[in-house]
Amino acid sequence: MKTRITELLGIEYPIIQGGMAWVAEHNLAAAVSEAGGLGLIGGANAPGEVVREEIRKARALTKKPFGVNVMLMSPHAEDVARVVVEEGIKVVTTGAGNPGTYMKMWKEAGITVIPVVASVALAKMMERGGADAVIAEGSESGGHIGEATTMTLVPQVADAVSVPVVAAGGIGDGRGIAAAFMLGAEAVQLGTRFVVAKESIVHDKYKERILKAKDIDSVVTGRSHGHPVRGLRNQMTREYNRLEAEGKSFEELEYLTLGALRNAVMDGDVINGTVMAGQIAGMITKEQTCKEMIDEMIGQAVRLLKG
Ligand code: TUI
């Protein structure tokens with residue numbers, strides 16, 4: 001499955017791991033890269049120096065390429081943007097915003113820049129701004145989402161830009177990979193499946209919640225606030241959506257979500273914490289190593305695409 005993306009990134013398989021907040025740390029990133037995909041360290045809301053440490057720890061675990069995801073809504077985004085240059089990172093993905101202000105600095109440093117886009121308009125703007133590829137992320141994804149689904153977004157972005165397109169959102173096995181390729185993608189980005197990887201440091205209760213999730217367990221909070229976030233339903237999401245429907249503002253409801261992702265990922269509070277996961281969680285039923293996941297998915301995708 002050689003594509004422009006595997007060539008661009010110097011990886012064996014066209015699989016990128018999502019830069020998930022709290023989840024995408026050095027152990028997971030290194031394991032995905034070692035298995036032939038592209039691992040990512042998620043900058044999320046962490047300060048630059050924390051990301052620097054994560055980069056160095058990942059380097060100690062793998063000689064293969066890995067990248068950093070810069071979450072643009074973070075108060076430390078500028079700091080992290082500089083740290084990736086100082087640390088000689090070769091691949092940066094961005095999320096939750098427009099990375100335009102950092103593009104010149106990253107390109108001058110020889111970094112391959114792959115922004116996440118949730119619309120054709122942003123994909124075109126990113127291509128004009130020098131992006132090497134784009135990740136078209138549909139609303140099946142976990143965490144902060146856009147409006148369009150993967151099925152509709154990927155082919156429209158593929159038609160609109162010349163740079164290669166990575167599909168994300170709702171992909172969890174070889175069938176999803178083959179489908180994404182049929183829509184015009186040249187690689188996929190997966191988050192939820194890697195959350196339950198053996199190498200993932202996520203609390204067992206969080207993993208168990210994903211492994212036991214049903215197809216309809218996925219909910220979005222904050223749609224009316226313009227901050228839609230997808231996760232698995234629990235007491236927190238029920239309370240949030242009840243108060244949101246009553247007209248409570250984003251600021252009034254912030255107390256429900258502050259620190260809630262950390263509490264779920266690190267402490268296993270899957271009742272009042274935020275269990276971010278994509279809609280494909282219902283299909284994810286086994287904890288495997290990253291290598292087992294990637295080998296299985298690629299085998300399945302290749303068989304389907306040959307057929
Ligand atoms: O960024 C993500 N997913 C995330 S970030 C995150 S951290 C967080 N924690 C709590 C609350 C909110 C966020 C959790 N999940 N995915 C990439 C992504 N980017 N999805 C959608 C977008 C996006 C949306 C609009 C990118 C750009 C955009 O427009 C930018 C503009 O200014 O035009």
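Just follow the structure's listing: the first ligand is 1, and inside any ligand the first atom is 1. One is the number of the first residue; the rest follow in order along the sequence.
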Query raised in the report: atom 11 (C) of ligand 1: which protein heavy atom is closest, and how many Å away?
Result: V229 CG2, 4.0 Å
Requested in this report: Fit a plane to each ring of H227 and F250, take the angle between them on a 0 to 90° scale, and name the class: parallel (under 30°), tilted (30 to 60°) or perpendicular (over 60°).
Outcome: parallel
Requested in this report: Could you establish whether M73 and ligand 1 come within less than 4.0 Å of each other, counting only heavy atoms on the residue side?
Outcome: yes
Report summary line: Counting heavy atoms under 4.0 Å, the part of H227 that contacts ligand 1 is neither
Query raised in the report: In terms of hydrophobic clustering (I, L, V, M, F, W, Y; side-chain heavy atoms under 4.5 Å; direct or indirect links), are L232 and M20 co-clustered?
Result: yes
Query raised in the report: Which pair of non-hydrogen atoms, one from R223 and one from I145, has the smallest distance, and what is that distance?
Result: NH2-CD1, 4.2 Å
Query raised in the report: Tell me, which protein residue and heavy-atom name are nearest atom 26 (C) of ligand 1, and how many Å apart are they?
Result: G97 N, 3.5 Å
Report task. Identify the protein heavy atom lying closest to atom 15 (N) of ligand 1, giving its residue, its atom name and the separation to 0.1 Å. Result -> H144 N, 2.9 Å
Query - Atoms of ligand 1 close to M71 [distance to a heavy atom under 4.0 angstrom, numbered from 1] - result: 5 (S), 7 (S)
Query raised in the report: Hey, are R193 and E296 close enough for a salt bridge, meaning a charged N less than 4.0 Å from a carboxylate O?
Result: yes
Query raised in the report: Nearest protein heavy atom to atom 18 (C) of ligand 1, by residue and atom, and its distance?
Result: V116 CG1, 3.4 Å
Query - Under 3.5 Å: N/O of A96 near N/O of ligand 1 - result: yes
Query raised in the report: Is the closest heavy-atom distance from M276 to ligand 1 below 4.0 Å?
Result: yes
Query - Reported OG1-to-CZ distance for the pair T274 and R230, which is rounded to 0.5 angstrom - result: 14.5 Å
Report task. Considering only protein heavy atoms, determine whether one is less than 4.0 Å from atom 22 (C) of ligand 1. Result -> yes
Query raised in the report: Side chain, backbone, both or neither: which part of L122 has a heavy atom under 4.0 Å from ligand 1?
Result: side chain
Requested in this report: Can you tell me which residue pairs pass the ring pair (Phe, Tyr, Trp, His ring centres under 6.0 Å) test with a partner in residues 68-119, sequence neighbours excluded?
Outcome: Y102-W106
Report summary line: Within 4.0 Å of some non-hydrogen atom of G143, the atoms of ligand 1 are 14 (C), 15 (N)
Query raised in the report: Going only through I, L, V, M, F, W and Y residues with side-chain contacts under 4.5 Å, is there a path from I284 to I177?
Result: yes
Report task. For the residue pair T6 and M1, establish whether any side-chain heavy-atom pair is separated by less than 4.5 Å. Result -> no
Query raised in the report: Does ligand 1 have any atom sitting under 4.0 Å from a heavy atom of A44?
Result: no
**Report entry** Region of E137 engaging ligand 1 - heavy atom pairs below 4.0 Å
**Finding:** side chain
Report task. Measure the CG-CZ distance between L28 and F194 for me, rounded to the nearest 0.5 Å. Result -> 7.5 Å
